[in-house]
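Notes follow once the structure below has been shown.
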Amino acid sequence: MVNGLSKSFKIRSAELPDAVRICEIYGFHVADGAGTFEEVAPAAEEMRRRMENVKVRGLPWHVAEAKGELAGYCYASPYNARSAYRFTVQTSVYVDHNWYRRGIGLALLNSVAAACQKLGYCQAMAAVGDSRNEGALKLHARAGYRTVGHAVRVGVKFGRWMDVVYLQRSLCDASVPPADVSPVGYILPVDQTGP
């Protein structure tokens, strides 16, 4: 059972052939949702490139399968290239609109958080597009994220200004000092000078 719902799906690691279905799920959110500020849905080849970029680091990209089809996905990516942020990841989660409110998003976020914890990460950040996106905000709250910031009118989509809500979930004991070794998947940047 997941939050009182029968768990009729399974979580697994994404594979490159999943990119086509992931594009379909994400394409809906690009065209009809404000959770992402991307306005042109990427092609499958671009999605494969994004997946490889995450997976080559050893970071998790998980999918949920329900009734023989991909119903959602979630992944973690580096939060910021500067080395001081090396223990922090950013998570992204998207669920097929036909599978909303069935526990899939929560299970995916928790699965990716658990994987990141095992890799040595201590914080997970999320950026939810559109402060009116109550479904995504409630989902992240159920997954243990708390709101830590609100950027007002930083995006434009569907002809209106949109906010971004920043959320954070702790993955480790804050009273324990940082590890002496970098987490799995952290790649030391060559240049941290920025723009």
Side-chain angles (χ1 to χ4, degrees), residues 11 13-14 19 22 26 29-30 34-39 42 46-63 72-95 105-131 133 136-155 157 162-195:
I11 306 293
S13 184
I22 287 170
Y26 186 60
H29 289 276
V30 170
T36 175
F37 284 179
E38 198 159 3
E39 295 183 285
E46 169 60 15
M47 191 60 75
R48 279 188 203 95
R49 187 198 65 75
R50 293 177 187 187
M51 290 174 67
E52 286 176 333
N53 187 40
V54 167
K55 292 175 82 66
V56 76
R57 294 172 177 268
L59 293 172
W61 189 309
H62 294 175
V63 295
Y73 68 96
C74 182
Y75 64 92
S77 56
Y79 174 65
N80 189 301
R82 294 196 174 152
S83 61
Y85 295 101
R86 68 186 168 275
F87 293 102
T88 304
V89 291
Q90 180 162 331
T91 57
S92 299
V93 61
Y94 294 94
V95 175
L106 180 61
L108 283 165
L109 279 169
N110 287 334
S111 176
V112 165
C116 289
Q117 207 170 20
K118 287 179 185 172
L119 295 172
Y121 290 92
C122 291
Q123 300 296 325
M125 301 296 292
V128 172
D130 192 6
S131 57
N133 193 345
L137 294 172
K138 287 178 182 177
L139 166 63
H140 282 81
R142 282 193 310 274
Y145 288 77
R146 63 184 177 88
T147 301
V148 294
H150 188 151
V152 179
R153 295 191 317 263
V154 293
K157 195 167 180 183
M162 292 197 184
D163 304 345
V164 174
V165 179
Y166 295 99
L167 302 112
Q168 182 175 354
R169 175 179 174 170
S170 181
L171 304 176
C172 68
D173 182 348
S175 67
V176 175
D180 291 336
V181 296
S182 295
V184 173
Y186 171 72
I187 298 172
L188 184 66
V190 176
D191 178 10
Q192 295 188 36
T193 59

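All values below come from the heavy atoms of this structure, side chains included, with hydrogens, waters and symmetry mates left out. As the structure is a computational prediction, the values presented were derived from the model and not from experiment.
- In terms of heavy atoms, E38 sits closest to V30 at O-CG1, 3.3 Å.
- To the nearest 0.5 Å, atom OH of residue Y166 and atom OG1 of residue T147 are 12.5 Å apart.
- Here N80 pairs with R82, Y85 under the side chain to side chain contact (heavy atoms under 4.5 Å, CB included) rule; sequence neighbours left out.
- Between R169 and N110, the side chains place a donor N or O and an acceptor N or O closer than 3.5 Å (distance only, hydrogens not considered).
- No option in N53, L59, V89, V54 other than L59 meets the side-chain contact (heavy atoms from CB on, under 4.5 Å) test with P78.
- A donor-acceptor pair is defined here as one N or O able to donate and one able to accept, closer than 3.5 Å; such a pair exists between the side chain of K55 and the backbone of A14.
- Using cut-offs of 30° and 60° for the angle between ring planes, the W61 and Y73 rings count as parallel.
- Smallest separation of non-hydrogen atoms from F37 and G129: CE2-CA, 3.8 Å.
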Run the salt bridge (Lys or Arg N to Asp or Glu O under 4.0 Å) check on R50 and E46 step by step: do they pass? CA-CA 6 Å; R50 293 177 187 187; E46 169 60 15; 2.9 Å; yes
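- Nearest heavy-atom pair, H29 versus V95, reported as atom, atom and distance to 0.1 Å: NE2-O, 2.9 Å.
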Start with the C-alpha gap between H140 and V93, add the side-chain angles, then the distance that decides, and say whether side chain to side chain contact (heavy atoms under 4.5 Å, CB included) holds. CA-CA 10 Å; H140 282 81; V93 61; 3.9 Å; yes
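- Checked against side chain to side chain contact (heavy atoms under 4.5 Å, CB included), S182 has the following partners two or more places apart in sequence or in another chain: R86, Y186.
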